[in-house]
Amino acid sequence: MTQTTAQRTATPRHYLMCPPTYFDVVYAINPWMDPSSPVDTTKALAQWEALRTAYEARGHKVDVIEPEPGLPDMVYAANGGIVVGGRALAARFTYPERAAEGPAYDRWFGTPAAEGYRRLGESVEIMEGEGDLLLIGKLLLAGTGFRTTPAGHAEVAERLELAEQGIELVPLELVDPRYYHLDTALSVLDDGAVSGEVVVAYHPEAFSPAAQETLRERFPDAILVGAEDAAVLGLNVVSDGLHVFLSDRAGAYAEALKERGFVPVGIDLSEIFKGGGSVKCCTLELRPETTTPSALPALTGTALASAVVASAVLADAATATAAPATTEETR
Ligand SMILES: CN(C)C(=N)NCCC[C@H](N)C(=O)O
C-alpha cells in the first residue's frame with residue numbers, strides 16, 4: 001500500500017458541460033453501447049445535474065452548452081475539443097454520427113460565454129478532444145489507436161502552439177476496444193503544481209507494450225488500476241487536485257485514491273454510462289491563457305497557496321448542504 005505525504009489542494013477550475021436532453025443510445029460506435037437497451041432520459045438529466053452541482057459546490061465554474069436534437073452523444077462534452085492556454089480547438093469525430101458536434105462546440109467557443117478564449121475552429125484531422133488528450137502540467141498525454149489519429153496529434157501540437165507553451169505531447173497507443181479513448185484508461189489526478197507530487201492512475205492492459213513502458217518511465221509512482229474498476233469506467237475521472245469526481249461503482253480505486261491523499265466524490269452516472277462514458281466524458285476543462293493550474297507555481301507564494309486552500313475549504317463547507325446524490329469520502 002502506497003501512503004502519501006503530499007498535501008493535496010483543490011484549485012478552482014472552469015468546466016463546460018452539455019445536458020443530456022437528447023441523450024439516447026440509437027447507434028453503437030463503442031462496445032458499451034447497446035441500442036436495444038432503453039435509456040431513461042429523465043434519470044440521465046438528474047444524474048448529470050448532480051455532477052454539475054458537485055462541481056459547483058466545490059467552487060468550480062460550470063458553463064453549459066445548449067444540447068442539439070439529433071446529437072445524442074453531445075452530453076460527452078470532453079470530446080468537443082481541447083482548450084489549453086486560452087486556445088480552443090474544436091474536435092473532428094471519427095464517426096459520422098457525431099460529426100455535427102465539432103461545429104456545435106466550435107460555435108460555442110465563439111459565444112460571449114467563451115470570451116477570453118481564442119477560437120481556433122475545428123480540427124482538420126480526427127481529434128476527439130479531451131477524450132484522447134489529457135494535460136498534466138507541461139505534458140499533453142495523447143491517446144491514439146481507436147479515435148484520435150497521429151495526424152490529429154500533430155495538428156493539435158501545431159495549432160495549440162504546444163512548443164511555444166513549453167508543452168510536450170506524449171503519444172500513447174490504446175489496444176483494447178473497450179478503452180477506446182485515453183480518458184477511459186487513464187486518470188490525471190495531480191499535476192504537482194501545488195503538492196509537488198505528480199500523480200496519474202491507469203489500467204496497464206489498455207495500452208500497447210510501448211505505451212506501458214512510456215507510462216512506467218514517466219510516472220513510476222502511478223496508481224495501477226485493475227480490470228474491475230476499469231470495467232465500470234472508474235478511471236474516467238475529473239480531479240481538481242484534491243477531490244476526485246468518479247463513478248460511484250469504483251471500488252479498490254477509490255480506496256487507493258484515499259491512500260494517496262485524495263477525496264473521492266462518487267457520482268451515479270448509470271444512464272450516461274450506457275453510451276460508453278462517465279464523469280470525465282461529461283466535462284471539458286477550459287484553461288485560460290494566464291491562470292492554468294499548472295501555471296500556479298510560476299506565481300508562487302504562500303498567499304496564493306493559502307487562497308487555493310481557502311477556496312477548497314469554503315467549497316467543502318458548502319458541500320455539506322448543496323451536493324445531493326454524491327458520495328464523498330473524508331480523509
Ligand atoms: C470516456 N469517454 C470514452 C469519452 N470521453 N467519451 C464518451 C463518448 C461516448 C460516445 N458514445 C462515443 O463512442 O463516441
Side-chain angles (χ1 to χ4, degrees), residues 15-20 22-37 39 41 44 47-48 51 65 67-68 70-83 90-102 104-105 123 126-135 140-149 152 172 174-188 201-203 206-207 225 229-239 244-247 249-250 253 267 269-285:
Y15 299 132
L16 180 63
M17 297 179 71
C18 178
Y22 305 106
F23 175 61
D24 204 347
V25 179
V26 291
Y27 49 77
I29 57 171
N30 71 55
W32 307 94
M33 300 175 84
D34 175 6
S36 68
S37 151
V39 167
T41 309
Q47 293 176 340
W48 179 90
L51 176 61
I65 180 174
E68 295 192 9
L71 296 179
D73 275 340
M74 202 173 158
V75 63
Y76 302 114
N79 305 151
I82 170 95
V83 185
R92 178 160 310 263
F93 286 86
T94 311
Y95 293 101
E97 291 88 339
R98 298 196 69 185
E101 293 181 46
Y105 278 89
S123 182
I126 300 295
M127 186 281 280
E128 299 206 354
E130 283 202 323
D132 274 323
L133 299 164
L134 297 173
L135 187 71
L140 185 64
L141 305 180
T144 189
F146 297 101
R147 301 288 180 92
T148 303
T149 58
L172 294 167
L174 297 158
V175 294
D176 182 332
R178 290 172 302 165
Y179 307 117
Y180 56 96
H181 273 152
L182 181 62
D183 69 355
T184 62
L186 185 144
S187 311
V188 166
Y202 63 93
H203 178 54
F207 293 92
V225 172
D229 283 325
V232 294
L233 296 180
L235 279 153
N236 193 241
V237 314
V238 167
S239 172
V244 180
F245 303 88
L246 80 172
S247 166
R249 296 172 172 176
Y253 179 34
I267 312 278
L269 285 183
S270 56
E271 288 307 302
I272 289 165
F273 180 84
K274 292 176 181 171
S278 186
V279 173
K280 172 60 200 162
C281 300
C282 294
T283 317
L284 177 64
E285 183 162 353

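One-based numbering, in listed order, for ligands and for the atoms of each.
Per-residue contacts place N30 under 4.0 angstrom from the following atoms of ligand 1 (heavy atoms of the residue considered): 9 (C), 10 (C), 11 (N), 12 (C), 13 (O). Each of the following atoms of ligand 1 lies closer than 4.0 Å to a heavy atom of G131: 5 (N). Contact atoms of ligand 1 toward N79: 4 (C), 5 (N), 6 (N), 7 (C), 8 (C) (distance under 4.0 Å to a heavy atom of the residue). Near N236, meaning under 4.0 Å from any of its heavy atoms, are these atoms of ligand 1: 1 (C). Residue G275 approaches ligand 1 through these ligand atoms, each under 4.0 Å from one of its heavy atoms: 9 (C), 10 (C), 11 (N). If you number the atoms of ligand 1 from 1 as listed, the ones under 4.0 Å from a heavy atom of I29 come out as 12 (C), 13 (O), 14 (O). Close approach of ligand 1 to C281 is summarised as follows: ligand atoms under 4.0 Å from at least one heavy atom of the residue are 1 (C), 2 (N), 3 (C), 4 (C), 5 (N), 6 (N), 7 (C). Ligand 1 places these atoms under 4.0 Å from at least one heavy atom of T184: 1 (C), 2 (N), 3 (C).
Contact analysis puts R98 in contact with ligand 1, with a non-hydrogen atom separation below 4.0 angstrom. Ligand 1 lies out of reach of A78, whose nearest heavy atom is not under 4.0 Å from it. The shortest heavy-atom distance from Y95 to ligand 1 is not under 4.0 Å.
The shortest N or O to N or O distance between Y76 and ligand 1 is not under 3.5 Å. Any N or O atom pair closer than 3.5 Å counts here, and D73 shares at least one such pair with ligand 1. Any N or O atom pair closer than 3.5 Å counts here, and H181 shares at least one such pair with ligand 1. Between R147 and ligand 1, a contact under 3.5 Å exists for at least one N or O pair.
When non-hydrogen atoms are compared, ligand 1 lies under 4.0 Å from the side chain of M33 (C-beta onward) but not from its backbone. At a heavy-atom distance under 4.0 Å, no atom of F93 approaches ligand 1. When heavy-atom distances to ligand 1 are checked against a 4.0 Å cut-off, L233 has no atom that comes that close, whether in backbone or side chain.
Atom CH2 of residue W48 and atom SG of residue C18 lie 7.5 Å apart, to the nearest 0.5 angstrom.
A distance-only check finds no donor-acceptor pair linking the side chain of S123 to the backbone of I126 [under 3.5 Å]. Remark: side-chain polar atoms of N79 are not paired, donor with acceptor, to backbone N or O of G129 under 3.5 angstrom. With Y105 contributing its side chain and M74 its backbone, the two residues share a donor-acceptor pair below 3.5 Å.
Ring centers of Y179 and H203: under 6.0 Å apart, within the cut-off.
In the model, Y253 has a side-chain atom that pairs as donor or acceptor with a side-chain atom of S187 under 3.5 Å. No hydrogens or angles considered: a donor-acceptor pair under 3.5 Å links the side chains of Y27 and D73.
With E128 as the partner, the side-chain hydrogen bond (donor to acceptor under 3.5 Å, both in side chains) test is satisfied by one option alone out of R98, R92, R147: R147.
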